[in-house]
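In what follows, a single structure is set out as structure tokens and then discussed.
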Amino acid sequence: MDEIYDPAAVERAAQDYWERHRTFEVREDAGRQKYYCLSMLPYPSGRLHMGHVRNYTIGDVLARFMRMQGRNVLQPMGWDAFGLPAENAAMSNRVPPARWTRQNIEYMRSQLKSLGFGIDWSRELATCDPSYYRWNQWLFLRMLEKGIAYRKTGVVNWDPVDQTVLANEQVIEGRGWRTGALVEKREIPMYYLDITRYAEELLGDLERLPGWPERVKVMQANWIGRSEGCEIAFPYAPDTRSALSADGALKVFTTRADTLFGVTFMAIAAEHPIALTASSGNPRLAAFVDECRRGSVMEADVATQDKKGMPTGLHVLHPFTGKPIEIWVANYVLMSYGEGAVMGVPAHDERDFEFALKNNLRIAAVVRSKTGAYEHVQAPWNPAYSEYGISVDSGEFSGLEFRAAVDAIAAALEKRGLGRRRIQYRLRDWGISRQRYWGCPIPLIHCGRCGEVPVPDEQLPVLLPEDLAPDGSGNPLNKTPAFYQCVCPKCGGAARRETDTMDTFVDSSWYYLRYTCPDQARAMVDERVAYWLPVDQYIGGIEHAILHLLYSRFWTKVMRDLTLMACDEPFTNLLTQGMVLNHIYSCATTEGRRRYFNPAGVRPRSENGVDIFEATTTEGETVRVEYGGLGKMSKSENNGVDPEGLIARFGADTARLFTMFASPPEQTLEWSDEGVQGASRFIRRLWSAVHEHVRQGLPAGAAAGTSSDVGKALRRAAHHALAKATDDIGRRRNFNTAIAAGMELLNAVGRFDDASEGGRAVQHEALEIITLMLSPIIPHVCHALWHALGHERAVVDEPWPAVDEGALVQDTVEYVVQVNGKLRGRIRLAAGSDENTVRQAALADEQVARFVDGKPVRKAIVVPGKLINIVV
RNA sequence: GCCCGGGUGGCGAAAUCGGUAGACGCAAGGGACUUAAAAUCCCUCGGGGGCAACCCCAUGCCGGUUCGAGUCCGGCCCCGGGCACCA
């Protein structure tokens, strides 16, 4: 029965074995070195996709490899179970999100199990379980106590038809993606987490993460966006004082305090309080402010807008000259950065320049570049205008170079109480309120008498009712009195429960901590977290390079400061796997849209020597389709490959082998049906090689005792492949080349024909090495083959084999001979030959002699054991 | 606009510290087995020249450093990604 490889039977047997023996359930063991291998938890969308298969296979290979290296390996799995798709599914088929989500989890868990991942399922969690999200609520209350969580009015995209907040991605050309209604910017109260309090540490600690890809660290650093500059206060002129009926000053932040004498206007955001006051008696200004506040809050859209503005008629005074400067409302000033106001220096800032040109504002140059590249600032804009240089026309500060000018101006401002040096971050506080049903309730109560009252700890968790189904008309919690009606914990009076839920990024910010103690009912985490954390290897998509990874780092630091644990950087090593790509085929529809066809159903055909592609529509019609290149597998472009079909046809090992072999993990992976066939072919070849070998009985002798040249050569090949796989998996994380080494070794076994007892022992050893070294990648087939090779113990419990250095030693080595750097011959020499011997032998070579051609040898460079270059 | 990656056969890729460019796999072509097909096995497979031994060219383009460059340096072209009026 073993003659034919039957993946379904082989995989069932191996998986049964692991399950029966609870192979992957782990416990803390102070005596063993731990290895926490974590893959990003999936959203339970319904079915696994290839991205999941790739992600979890990478994690599983590392987990199994480390297990063989003797480490106490934790590889958990859970579900990022709250979120929008469940609500959308509820709207289209009237199923409560809870039921839809839990059904999906059931199904996807069985899919994960069919792939044979070595997961400790006893630690599984779902973020929609009250036993999990109660601790979101608990920590939120601690943050509230510390002032890290706070309430503030925030600007959101508001869909007036659905009565709901839209994420930026849900706003398409200014309209709601579902309703098509014009989206409004609306200010609503939201809860924020003060991540900016940790900006400095989040930035600085990136240097302590050598195991992270450089580009992820750069992306985070850019996102945090640290700027050194000055805060400058421009005192209100009398007109502003009376309009606001207050004394005071308009504050701005600038990185170019040296250009302070070049200010010709002030620009404030439409949301700035002064803009609101100024527009009250000015309908035209009010209309402009209104226009600015409508439309997308997406910054990429804002960035491409024309610079527009309108004067307020109000003024401030220059902090040094005392001259009045008019305040303008400008659409390019962001309320959410700095002070929501800027000093307009058109001569030295491109945006201010554009604005001044459009509005006929004065341009005053106050910096001369060191190269003297320009004298007068005039249109068109020249990038040199914004270069650092020597201050001119700047009163007492004239003649100073950038740094000195900033120092002197900052000091002078500070003396007058009109400014100071300050660091500004681009990072904003994290707004976590979502006007959504399917999420973790925010544990607050609004009382008419007591105001905002936290839910007492003993009343946690605030349970989310699971029987509701949104219908598109806003958050159903708002229409469920049983949820929102409550008593105020302070005064006992009638009160209203907060109906907003938390951003799902909250859920995924600490799940990796909870895996260490999922059964802990009394605390968020316990002492087990100290054993397992930090995560040794984290694996996930590059799309989480900023938000998820930054939030998790922040959350960890908050928990450290609350002394819940000592760890302050959660992920020691990070591997960001590339996307899985497939071909895209589509045709235009009569409505001018595109209709996409799955590549599996596309038939290529040659017509008059031109390649054309055809597909069949759901109506059974044959249509001609266009090839659209490669793209990420996605629903919208209908180019996904269902892992389930792949496993049914070829088995999980083939799916795993293909995804690991086709490209290195960080790079994109191009789907190839032929490549899958190739992976399957290799597994069958390995299967028959082992069975053919053992059919002749197990050899008695030891491989190390072989004396034949071919035997020694195969031993060398086997140990060389093993050394390569050890380094490739363990250090380089290049699984494709480790697999190639295994294939090469199997090819060598195929060519090997020494049927003597010694030869068979060497062959046996080589097959054992292949089985062991590939077992992390194709664990099921290796489980079967290891038993076939005569072993009692399961391969999963075997240690990683040691390289026999003695087997790698060669008696003779091949030298490449170059003449003037060009390859001219090869010579075989005894290992350890001295330079002179190498040189003599090289010059004696006929081919080499031809190219030396009697010319005097000027130089000969010898790379021991490898190469000699003769320079003539 | 700024900041990262990356350009190597027909294709996915390899070459890890400056030392034999193209390992491994896919596709293709040829052959064996077969009534036939599939599967399997063997051979060829960057381009050009040569009867052959071999030679020349070739890692996006131009230049440089070096005995020697896919790899290092300078300049450009193209592709992908991130951020994007951040004052």
Side-chain angles (χ1 to χ4, degrees), chain A residues 213-223 225-227 229 252-256 259 267 298-307 330-334 336-345 348-352 354-355 383 424-428 542-543 545-546 578-579 657-658 661-664 666-679 681-682 684-685 688 724 727-728 731-732 734 736-747 750 814-826 846-847 850-851 858-863 866-872:
Chain A
E214 204 51 42
R215 69 173 172 145
V216 172
K217 289 191 278 185
V218 169
M219 280 160 75
Q220 290 214 352
N222 290 343
W223 187 261
R226 183 181 192 274
S227 291
V252 301
F253 173 77
T254 179
T255 55
R256 291 299 302 270
T259 64
M298 264 192 96
E299 288 161 4
D301 295 344
V302 176
T304 53
Q305 278 172 14
D306 257 4
K307 306 241 173 331
N331 66 349
Y332 71 95
V333 180
L334 302 172
S336 49
Y337 184 80
E339 303 292 337
V342 302
M343 58 183 211
V345 187
H348 305 293
D349 180 280
E350 187 174 0
R351 296 153 300 181
D352 296 344
E354 211 182 296
F355 187 79
Q424 173 71 40
Y425 294 95
R426 206 191 71 101
L427 181 69
R428 280 140 211 208
I542 185 73
E543 66 273 22
I546 297 172
M579 297 181 296
L657 183 63
F658 171 72
F661 180 61
S663 52
E666 311 242 42
Q667 271 180 49
T668 55
L669 183 149
E670 291 178 26
W671 192 258
S672 155
D673 287 327
E674 293 80 17
V676 173
Q677 301 265 8
R681 189 176 305 144
F682 170 75
R684 289 196 308 267
R685 283 213 305 135
S688 45
K724 174 137 182 73
D727 189 49
D728 283 351
R731 180 180 64 87
R732 299 208 306 149
N734 270 14
N736 54 332
T737 49
I739 295 165
M743 290 173 166
E744 234 177 317
L745 179 54
L746 185 64
N747 290 343
E814 187 185 78
Y815 271 84
V816 162
V817 186
Q818 296 180 336
V819 178
N820 289 338
K822 292 208 173 204
L823 175 67
R824 296 303 180 193
R826 293 153 201 275
E846 198 182 315
Q847 221 15 258
R850 250 185 65 205
F851 282 90
R858 288 201 291 149
K859 212 176 190 182
I861 290 117
V862 177
V863 182
K866 266 198 154 166
L867 171 145
I868 173 167
N869 187 13
I870 296 161
V871 187
V872 293

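Hydrogens, waters and symmetry mates are skipped; everything else that's a heavy atom, side chains included, is used. So you know, we letter chains A, B, ... as the sequences are listed, proteins then strands, and number each from 1.
- Residue contacts for A/Asp727: at a heavy-atom cut-off of 4.0 Å it reaches a base atom on one of the strands shown.
- Picking from B/A13, B/U16, B/A27 the nucleotide with the shortest atom distance to the side chain of A/Ser663 gives B/A13.
- In this structure, B/G12 shows a glycosidic angle more than 90 degrees from zero, which is the anti conformation.
- Of the candidates B/G82, B/U16, B/C24, B/G82 carries the atom nearest the A/Ile546 side chain, counting heavy atoms from C-beta on.
- Following rounding to the nearest Å, A/Trp671 (CH2) and B/A13 (C1') show an atom-to-atom distance of 17 Å.
- Between B/A14 and A/Asn736, a contact under 4.0 Å exists linking OP1 or OP2 to a side-chain N or O.
- The OG1 atom of A/Thr255 sits 10.5 Å away from the CD atom of A/Gln424 when rounded to the nearest 0.5 Å.
- An OP1 or OP2 oxygen of B/A87 is reached within less than 4.0 angstrom by a side-chain nitrogen or oxygen of A/Ser227.
- B/C2 sits 39 Å from B/C57 when the P atoms are compared, rounded to a whole Å.
- With A/Ile868 as the partner, the side-chain contact (heavy atoms from CB on, under 4.5 Å) test is satisfied by one option alone out of A/Val862, A/Val816, A/Val863, A/Ile861: A/Val862.
- One atom, CD1 of A/Ile542, and another, P of B/C83, lie 11 Å apart when rounded to the nearest Å.
- Closest contact between the side chain of A/Asn222 and the listed nucleotides B/C3, B/C85, B/A87 involves B/C3.
- When the P atom is used for both B/A87 and B/G81, the distance is 26 Å, rounded to whole Å.
- A side-chain donor-acceptor contact under 3.5 Å links A/Arg685 and A/Asn747.
- Straight-line distance between the C1' atoms of B/G7 and B/U44: roughly 29 Å, to the nearest whole Å.
- In this structure, B/G63 forms a base pair with B/C73, meeting either the Watson-Crick or the G-U wobble geometry with both donor-acceptor distances under 3.5 Å.
- For the P atoms, the distance from B/A58 to B/A53 is 23 Å, rounded to whole Å.
- If you check every strand for non-hydrogen atoms under 4.0 Å, A/Lys724 touches a base.
- Side-chain contact between A/Glu354 and A/Tyr332 is absent, with no heavy-atom pair separated by less than 4.5 Å.
- Taking CZ of A/Arg426 as the start and CH2 of A/Trp223 as the end, the distance is 5.0 Å to the nearest 0.5 Å.
- Under the 3.5 Å distance criterion, the side-chain polar atoms of A/Asp349 are matched with a main-chain donor or acceptor of A/Asp352.
- When rounded to the nearest whole Å, the span between CD of A/Glu350 and P of B/G1 equals 10 Å.
- Nucleotide B/G1: paired with B/C83 (Watson-Crick or G-U wobble, both distances less than 3.5 Å).
- At the heavy-atom level, A/Arg732 lies under 4.0 Å from base atoms of the strands shown.
- Between A/Ile870 atom CD1 and A/Arg824 atom CZ the span is 11.5 Å, to the nearest 0.5 Å.
- A/Val218 comes within 4.0 angstrom of sugar-phosphate atoms only, judged by non-hydrogen atoms across all strands, and of no base.
- The phosphate of B/G6 (OP1 or OP2) has no side-chain N or O of A/Gln667 nearer than 4.0 angstrom.
- Once rounded to the nearest 0.5 Å, the distance linking CZ of A/Phe658 with CD of A/Gln677 reads 11.0 Å.
- Here the separation of B/G12 from B/A23, taken at their P atoms, is 15 Å to the nearest Å.
- Pairing of B/A36, defined by two Watson-Crick or G-U wobble distances under 3.5 Å, is not identified with any nucleotide.
- You'll find the side chain of A/Glu846 stays beyond 4.5 Å of the side chain of A/Arg850, heavy atoms only.
- The glycosidic torsion of B/C17 lies within 90° of 0, which places this base in the syn conformation.
- Remark: C1' of B/C11 and CD of A/Gln677 are 16 Å apart, rounded to the nearest angstrom.
- B/G25 is paired with B/C11 under the criterion used here, namely a Watson-Crick or G-U wobble arrangement in which both key atom distances are under 3.5 Å.
- In this structure, CD on A/Gln220 lies 7.5 Å from CD1 on A/Ile546, to the nearest 0.5 angstrom.
- When rounded to the nearest whole Å, the span between CG of A/Leu669 and P of B/C26 equals 16 Å.
- Within the shown strands, B/G31 is the pairing partner of B/C41 under the Watson-Crick or G-U definition, both distances less than 3.5 Å.
- Remark: P of B/A15 and CG of A/Leu867 are 19 Å apart, rounded to the nearest angstrom.
- Residue-level contact check: A/Val333 touches the bases, meaning some heavy atom is under 4.0 Å from a base atom.
- To the nearest whole angstrom, the two P atoms, one in B/G63 and one in B/U59, are 13 Å apart.
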Identify the pairs formed between an N or O of the protein and an N or O of nucleotides 63-68 of chain B at a distance under 3.5 Å, and give each distance.
{"from": "B/C67", "atom 1": "OP1", "to": "A/Lys859", "atom 2": "NZ", "distance (Å)": "3.3"}
{"from": "B/C67", "atom 1": "O2'", "to": "A/Asn869", "atom 2": "ND2", "distance (Å)": "3.3"}
{"from": "B/C67", "atom 1": "O2", "to": "A/Asn869", "atom 2": "ND2", "distance (Å)": "2.4"}

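- Proximity of a side-chain donor or acceptor of A/Asn869 to a complementary backbone N or O of A/Gly821 within less than 3.5 Å is detected.
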Steps toward side chain to side chain contact (heavy atoms under 4.5 Å, CB included) verdict (A/Val819, A/Gln847): CA-CA 10 Å; A/Val819 178; A/Gln847 221 15 258; over 6 Å; no
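- When distances run from any side-chain atom of A/Ala740 to the nucleotides B/A13, B/C24, B/U16, the shortest one goes to B/C24.
- For the pair A/Gly678 and A/Thr255, both in contact range of RNA chain B, the more 5′-proximal nearest nucleotide belongs to A/Gly678.
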A/Val872 and A/Phe851: CA distance, side-chain angles, deciding distance, side chain to side chain contact (heavy atoms under 4.5 Å, CB included) verdict: CA-CA 9 Å; A/Val872 293; A/Phe851 282 90; over 6 Å; no
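- On the C1' atoms, B/C42 is 49 Å away from B/G64, given to the nearest whole Å.
- Spacing between atom CD of A/Glu666 and atom P of B/A14 amounts to 12 Å, rounded to whole angstrom units.
- For the pair A/Gly340 and A/Met219, both in contact range of RNA chain B, the more 5′-proximal nearest nucleotide belongs to A/Met219.
- The nearest whole Å value for the distance from the CG atom in A/Asp673 to the P atom in B/C11 is 19 Å.
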Nucleotide-resolved protein contact map, nucleotides 40-58 of chain B, B/S/- at heavy-atom distance under 4.0 Å: SS------------SSSS-
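- Spacing between B/C45 and B/G25 at atom C1', rounded to whole Å, works out to 14 Å.
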